[in-house]
Structures are given as structure tokens and as C-alpha cells.
Amino acid sequence: MSTTDGQLLRYEVLSIDGECEKWAQTSHHGTDADAPPCLSVLSQFYDELMVPTFPLEGELDDLDDWCECFRFQIRQMRWKEQGNYNMQPKDLSDEEQLLLQGNAMDVILIILDTSEESVVNGARAGSLRQFHHQSSSLPGLYAPNSDKPYKKDSSKPLIIGGAAVEYYKEPRVGLLSYIVLHPAFRGQGLGEVLHKEALSRLTRLACLYGKTQESNTLPATSPLIHCVFAETNTAAAGDVTPEQSLKRHKSLYKLGYRLVNFPYAQPPLSTDDVDGSFDDLMLLVYFPFDEDSTDAIDTSTDNAKNFYNWYKKSKGIQSVQMNVSIPFGYVEDFYRSVFGYSAEEYDLDSNGIPDYRTAKYYKLAHWFSREKCKSGFVEVNLCGPPWEDCKEVFFQEMKDWRKDI
């Protein structure tokens, strides 16, 4: 399929959470075990784009976990309709209690329109959008090269890209956990279209699933979203060449992400190994400014309120500051969403779940936040790639600190 400049591309945007909400509203007699049709589209996206793009062990969420999260969000939608959205039903299992306290998510898909009445599994995916192909100096959101040509299959929707976003309720932060485009559609500006849709859906997640003030420990003046984080593999991860890794980082910089000088590793995605983190990662935060444009930030705008209200000027001209409790709160909530939210759950002898507070990367993040950052703030680097991972430097500093006490 040609991707030359000026060609008009027609597409639809499909929100999995949005489709689940529609299904919940029209399927009142369905059981919780019933699956909305959009989950089959999600499975197709996962198999066709996610698995080839994220091949490293431990870096990709399990599809079953995604589906379980969406099914539980359907239950929450129904509770809301029944007027008890902020109540915890007595018949919830321990696993469901964990889901209720844990993060909410959405997956946003771009589906190529090939007909006058594009249909996704029997339901209209949304209003048609139009986009002119553009040449870009960046080759797009890089991933391992795929030897699969882009083939049209009339029995399936043509998914050309997608993004997964998560909303962490207790620390009130968003995460752009994955964003990917089919190789045939990279480098044309579609990443920016997809990212804009992802931020819009993330704001909606916060409004739908954010905790009420009575159930949240943050002050009443705290916004629903403090910031939006993203993760990116280091060049050492080995999923792509160093050159492709640099291009990926430049693409994320172009989308507005800046490096947080915080020792970050993705917490384990299961309770099997408390130290089973994926550590070839760096933490980024959405802040679409450089050192020459921070003075023009209007803190009264919706974007500032939703995505970068954390911003604090730094003494350095090439950085700004963020309260270190924000990235640490996100890391801790990530661990708790996997290992449990109540202290009694950390008794290995009683239920076999290890105490996440013994994990080496949790200890590093805790030390960094409590001891290293005495000022209470962490630097956010406004410079573009190449970016350097700071974990090893801070690991050594922590070891030296422990020797001195």
C-alpha cells in the first residue's frame, strides 16, 4: 500500500475502554464472564503488533491481564450505574479488591478504513478521520524489523497502530505504557495523531476511575493527573540496534517526552520473583518544552493542569524539577498493583507473595527519594537524546552511603 506524500488516509480510532462502556450499557443481562466483541480486536492487535514489537522477556504485559482489567472495568461501570461506584461490594474476591485499587487502562487503536461503512466486529468503531501522509525526518516509533508484508485481510480490521495507557489512581499519574505503528506506516506523523488520542483517553480514565477525595490520601487540591510518564528501553536492552534505539528516543522526544533523572526499573509483572524487574529502561515524563520555551508555559491551560502541573523551575537552564514523591509514588503503586495493597499481604509464609519492599530496585528508588534527594525534587532533563541511564551510578552511591552509616 502506497504511503507517498499527499495521499489521503482514512482511519477510525477505536478505544477498547470506550467500546466496553457501550457494550456494558447495552448488555445489562450479560454475565461478568461475557466478553465484549472489541476484545477480539484487542487480541488481534496484541498478536500482530505488540508481540513482534516487544520481543524481550519481561517487557510485555500478558494479554489475559489486559482482558481481565477491561472485564473488571465493565463491572465498575455497572456499579456506577447502580449508584454504588465508590463502594466496595462485600462479595469481591481478593483478586477483585486488588483490581479495584489498581490502575485503570485503555488501548487506543488506529484502524484503516477501506469501505464506506467500516465495521469492527459488528459495531461502528467511531467517526471517520482523515490524515494526509507526511514525510518525516524521523523514521517513526522504532521496533524490530518485521519481515511480514502489510497484507489486506477482508475478514479482519486493518490495525495500523495502537497505544496503551494506564491511570494509577493513588498517585494520580498516567503512563503511556506502549505505542506502536505498523512498519508500513511509520515515519509519516501518525505517531503524533495516536499520541494525542492516547492523552485524551487518559484524561477520560482519570475522570471515570479516579478515586474520590474520601478514598484518596492526597490533598483536595491535588489534580486528577499529576503527570504522564512513559518508559523507553535503553540501547543496552538489545531489542533493536543502537542506531534504531536512538531514533526511537528522538521520536519520543519529538512527542514531548523528557528524561527523568530517576533510577527506574519496571516492577515485575507477576509475583513469581520480587526481583524480576525489567531494568533496561529509562523513565520519561511528558513535558513538550525545551530550555527556550519554558517561560511561555501558561499554567492556566487544561494541558498544564492535566499533564505538567508538576513543573518547577530549576537552577540549571537545561532542566526543570519535579517533586520526587511523584515518580516514587508511581513506582510504589506499580509494585502494589502486582504484590498487593494491604500490609498483611506481605507475609510470605501465609500466602506465598513476597514483600515487594525487599526488591533491589524498590530499595534503590526508596533510598533515592528519601536520602539522595534531600531537596525533595528530581531533575528532568530538557535536552534531547542520546539519553543516559542513571541506575548504575545511583546504585554505587547507595552502596557507598550504606558503608558510611
Side-chain angles (χ1 to χ4, degrees), residues 54 56-60 168 171 173 175 177 227 229-240 242 245-246 248-249 252 257-285 310 314-316 318-339 346 348 353-405:
F54 300 97
L56 299 180
E57 183 178 357
E59 71 169 337
L60 182 58
Y168 286 79
V173 301
L175 174 68
S177 45
C227 67
F229 289 121
E231 306 166 331
T232 188
N233 288 0
T234 66
D239 58 327
V240 294
S245 177
L246 180 60
R248 173 192 284 164
H249 295 166
L252 288 167
Y257 288 89
R258 306 294 181 257
L259 180 66
V260 184
N261 196 35
F262 185 91
Y264 178 73
Q266 183 192 73
L269 301 179
S270 75
T271 59
D272 294 339
D273 181 5
V274 74
D275 283 319
S277 295
F278 184 76
D279 56 3
D280 286 321
L281 280 176
M282 295 178 287
L283 186 66
L284 312 177
V285 67
W310 53 267
S314 172
K315 293 181 180 179
Q318 295 182 327
S319 65
V320 293
Q321 291 186 321
M322 165 186 284
N323 190 312
V324 73
S325 66
I326 298 176
F328 179 72
Y330 155 65
V331 168
E332 178 142 56
D333 202 60
F334 197 142
Y335 271 103
R336 295 178 74 195
S337 70
V338 176
F339 290 89
Y346 307 139
L348 180 60
I353 298 177
D355 185 346
Y356 72 82
R357 294 168 293 187
T358 65
K360 65 177 182 178
Y361 284 117
Y362 176 82
K363 290 180 179 178
L364 176 62
H366 187 274
W367 167 82
F368 179 84
S369 303
R370 300 295 188 268
E371 302 296 337
K372 175 66 177 177
C373 290
K374 293 292 188 181
S375 68
F377 293 91
V378 63
E379 295 293 315
V380 175
N381 185 359
L382 299 183
C383 297
W387 290 323
E388 295 293 330
D389 187 12
C390 64
K391 283 192 290 292
E392 288 304 316
V393 171
F394 289 133
F395 252 131
Q396 188 58 51
E397 284 193 31
M398 183 176 70
K399 290 178 182 178
D400 295 340
W401 174 82
R402 285 177 173 174
K403 291 177 183 178
D404 294 336
I405 61 174

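Every heavy atom of this structure was used, including side-chain atoms; hydrogens, water molecules and symmetry mates were not. If you're wondering where the values come from, they're calculated on a predicted model, not measured in any experiment.
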Would you give me the side-chain donor-acceptor pairs under 3.5 Å for residues 365-373, sequence neighbours excluded?
from   : atom 1 : to     : atom 2 : distance (Å)
Ser369 : OG     : Ala365 : O      : 2.9
Glu371 : OE1    : Lys374 : NZ     : 3.1
Lys372 : NZ     : Glu397 : OE1    : 2.7

Using residues 260-268 as the side-chain source, report each donor-acceptor pair under 3.5 Å to any protein atom, sequence neighbours left out, with the distance given to one decimal.
from   : atom 1 : to     : atom 2 : distance (Å)
Tyr264 : OH     : Glu231 : OE2    : 2.3
Tyr264 : OH     : Tyr330 : OH     : 2.9
Gln266 : NE2    : Glu231 : OE1    : 3.4

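Distance check, rounded to the nearest 0.5 Å: NE2 of His249 to CE of Met282 gives 4.0 Å.
Here the shortest heavy-atom pairing between Pro327 and Leu283 reads CB-CD2, 4.0 Å. Between Ala359 and Val274, the shortest heavy-atom distance links the atoms CB-O, 3.3 Å. When all heavy atoms of Val380 and Met322 are compared, the closest pair comes out as CG2-CB, 4.1 Å. Nearest heavy-atom pair across Leu284 and Leu252 is CD1-CD1, 3.9 Å. The two atoms that bring Ala237 and Asn233 nearest to each other are CB-CB, 3.8 Å, heavy atoms only.
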> Between Val338 and Thr271, does a side chain to side chain contact (heavy atoms under 4.5 Å, CB included) hold up when you go through it step by step?
Replying inline: CA-CA 7 Å; Val338 176; Thr271 59; 4.1 Å; yes

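For an aromatic pair to be called close, the ring centres must be under 6.0 Å apart, and Tyr356 with Tyr361 fails this.
The only option from Phe339, Phe334, Tyr335 that meets the ring pair (Phe, Tyr, Trp, His ring centres under 6.0 Å) definition with Tyr362 turns out to be Tyr335.
For the 3.5 Å distance criterion, the side chains of Ser325 and Asn323 qualify, holding a donor opposite an acceptor.
Remark: side-chain polar atoms of Asp275 are paired, donor with acceptor, to backbone N or O of Lys360 under 3.5 angstrom.
For Arg248 and Asp239, the salt-bridge test passes: some basic side-chain N is under 4.0 Å from an acidic carboxylate O.
The stretch residues 376-391 participates, sequence neighbours left out, in these salt bridge (charged side-chain N to carboxylate O under 4.0 Å, His left out) pairs: Asp389-Lys391.
Within a 6.0 Å sphere centred on CD of Glu57, heavy atoms belonging to other residues, nucleotides or ligands number 12 at most.
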